Amino acid sequence: MIVGSPKELFEGEARVAMTPASAAALQKLGHECVIESKAGVLAGYADEAYREAGVEVVDNAAQLYSRAQIIAKVRPPENDEIAQASGKTLISFFYPAQNESLMQRAAELDVNVIAMDMVPRISRAQKMDALSSMANIAGYRAVIEAGNNFGRFFTGQITAAGKVQPAKVLVIGAGVAGLAAIGAAQSLGAIVRAFDVRPEVAEQIESMGAEFLFLDFDDQTDGAETGGYAAPSSPEFREKQLELFRQQAPEVDIVITTALIPGRDAPKLWLSDMVDAMKSGSVIIDLAAERGGNCDATVPDEKIVTANGVTVIGYTDFPSRMATQSSDLYSTNIRHMLTDLTPEKDGVINHDMEDDVIRGATIAFNKEVTFPPPPPKIQAIAKQKPKPVEKSAEEIAAEEAAAMKKSGRQQIALLGLGAVLMFFIGRYAPASFMQHFIVFVLAVFVGFQVIWNVSHALHTPLMAVTNAISGIIIVGALLQLDQPSAIVTVLAAISVLIATINVVGGFLVTRRMLQMFQKS
């Protein structure tokens with residue numbers, strides 16, 4: 001089939017859904033590729049680059065829609081584009097919950113729509129997760145925009161002219177965009193704090209060197225219930241959340257908000273009083289501006305400065321501001337989606353509605369609206385196991401007593417078995433064998449007990465074995481020192497010396513190694 005990408009009509013959009021590299025990969029799947037002239041210019045891809053990759057370049061959108069059976073776009077289609085895509089497959093961002101009438105019209109016109117923003121967040125679909133790809137770029141770009149509008153360094157410095165304090169950055173929402181922002185701000189030397197309603201992301205935040213802001217709230221929302229996205233918070237939780245933000249507002253220099261809930265307007269998290277409490281020269285980057293913004297002062301697609309000198313940036317085109325990188329990632333997501341749609345790699349589309357990924361992303365199929373999709377058969381994030389109930393002191397004492405009784409019974413049983421074994425050996429074995437056997441048993445027992453009582457901090461896995469063997473050798477040799485044979489006595493003394501050097505030297509080396517990891 002023929003896959004085509006038109007020029008984006010949305011004002012200021014610089015991304016393109018097909019790059020020369022992705023086109024080459026699509027051709028290996030058996031598809032032909034066509035693109036509208038100058039569709040990739042703003043992303044850094046000239047028409048000649050597409051021709052070299054074997055892509056047909058057409059003069060206008062009308063020619064492209066007449067040639068292509070699969071339309072790959074970035075932004076949701078305009079009404080005219082939906083009309084031209086009648087009877088075809090459309091792959092693009094669509095936001096069906098916010099564009100119900102457009103989705104209904106697509107179904108009426110027999111347009112099979114695959115919304116890249118509806119790809120389910122399961123492991124197999126990560127390679128097609130365009131929302132994450134674009135959010136990653138948006139989070140990084142947000143830090144760059146903040147640095148461009150912030151009047152100081154991110155990192156702290158001590159110079160001849162004086163000391164410069166590091167910037168304090170607060171990231172609200174630790175999804176893909178939030179984590180990208182944390183990583184970029186941390187690498188620039190800022191003090192980074194982050195908050196998310198999902199407590200399970202705390203480890204990710206702290207592993208990147210940022211501080212996770214915990215709330216003292218028992219019924220904290222678990223985002224696992226909504227497929228990895230944040231869920232709406234209760235009124236009580238929201239009040240605690242806002243109280244925390246009010247405490248942070250006078251301290252932080254840069255706030256980056258990324259909080260979004262699928263199918264809803266962005267929650268208001270940074271209110272007017274928090275903006276007023278910030279220092280002059282502070283910067284707020286609102287990555288949720290396209291859905292109304294997390295900040296009360298946000299104006300979509302604009303940068304404003306408040307009365308108290310706080311810069312609020314509500315740009316909605318952060319990925320488009322890095323068009324080359326965005327186009328590379330998004331076109332790769334499209335290519336992976338078409339790989340799943342072309343399982344035989346013969347250029348024939350198999351729109352399998354039994355497939356979790358394809359069904360989840362399909363919002364219109366065979367003249368029917370198929371949104372919302374059923375939940376995927378595989379959970380995005382496993383539900384957390386319930387925490388074990390803490391035991392009382394009495395229960396712990398009872399368990400320890402039971403364990404000691406069990407251990408005592410086992411030791412008595414072993415001693416009884418050993419006594420029976422010794423009885424039969426003594427009854428039938430010669431006296432010379434018994435003498436050596438008793439020496440061996442005592443050596444093993446005493447040597448094991450000597451090494452067992454050594455502090456575990458002095459044992460490496462290798463030292464534990466070698467010291468146990470050396471202990472047995474020492475005890476056995478000591479028992480042979482009083483033998484009438486001079487040769488036996490000399491050999492026993494040499495054994496004691498060498499084994500002692502091994503044990504003492506091993507402990508000294510181990511202690512020295514441990515000291516290397518201790519703070520002075």
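Below, all heavy atoms of this structure are taken into account, side chains as well, without hydrogens, waters or symmetry copies. In this text, all values refer to a predicted model and were calculated from it rather than measured experimentally.
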NZ/NE/NH1/NH2 to OD/OE distance under 4.0 Å, E78 and K7: no
Ring center gap for Y330 and F93 short of 6.0 angstrom: yes
NZ (K279) with more than 12 external heavy atoms under 6.0 Å: yes
Heavy atoms of other groups near E100 CD, more than 12 under 6.0 Å: no
Salt-bridge present (R193, E251; N to O < 4.0 Å): yes
Proximity of F195 and F245 rings by center, below 6.0 Å: yes
Minimum heavy-atom distance I334-A72, with the two atoms named: CG2-CB, 4.2 Å
Y45 vs D328, side-chain hydrogen bond (donor to acceptor under 3.5 Å, both in side chains): CA-CA, chis, key distance, verdict: CA-CA 11 Å; Y45 299 109; D328 284 344; 2.3 Å; yes
Lys NZ or Arg CZ of R291 over Y95 ring: under 6.0 Å, within 45°: yes
Side chains of S132 and D129, donor plus acceptor under 3.5 Å: yes
Cationic N near anionic O, under 4.0 Å, R75 to E13: yes
Salt-bridge criterion met for R67 and E56 (N-O under 4.0 Å): yes
Geometric cation-pi criterion R141 and F318, 6.0 Å radius, 45° cone: no
Donor-acceptor contact present, side-chain T258 to main-chain I172, <3.5 Å: yes
Test log, rule side-chain hydrogen bond (donor to acceptor under 3.5 Å, both in side chains), inputs D253 and S282: CA-CA 5 Å; D253 302 300; S282 299; 4.8 Å; no
Backbone N/O of Q204 and side chain of S207: donor-acceptor pair under 3.5 Å: yes
Sole candidate of D47, V55, V58 that passes side chain to side chain contact (heavy atoms under 4.5 Å, CB included) when paired with I35: V55
E8/R15 ion pair, N-O < 4.0 Å: no
Heavy-atom closest contact (K268 atom, C295 atom, distance): NZ-O, 3.5 Å
Atom CD of E11: over 12 foreign heavy atoms under 6.0 Å: no
Residues K303, E145; criterion salt bridge (charged side-chain N to carboxylate O under 4.0 Å, His left out); working and verdict: CA-CA 11 Å; K303 177 178 76 173; E145 290 289 342; over 6 Å; no
T298 side chain near I304 side chain, heavy-atom distance below 4.5 Å: no
Note, V169 side chain near I191 side chain (heavy atom, < 4.5 Å): no
Side chain to side chain, D296 and M274, heavy atoms closer than 4.5 Å: no
Main-chain N/O of I91 paired to K73 side chain as donor or acceptor, under 3.5 Å: no
Sidechain-backbone polar pair: K127 side chain, T332 backbone, donor-acceptor under 3.5 Å: no
Option passing side-chain hydrogen bond (donor to acceptor under 3.5 Å, both in side chains) with H351 (candidates N112, T362, T89): T362
Short N-O contact, D340 and R124, less than 4.0 angstrom: yes
Modelled atom types, side-chain donor and acceptor of N308 and S280, under 3.5 Å: no
R359 side-chain N/O to T370 backbone N/O, donor-acceptor pair under 3.5 Å: yes
Donor on one side chain, acceptor on other, D301 and T316, under 3.5 Å: yes
Verdict with reasoning, N333 to S133, per side-chain hydrogen bond (donor to acceptor under 3.5 Å, both in side chains): CA-CA 8 Å; N333 296 140; S133 297; 2.9 Å; yes
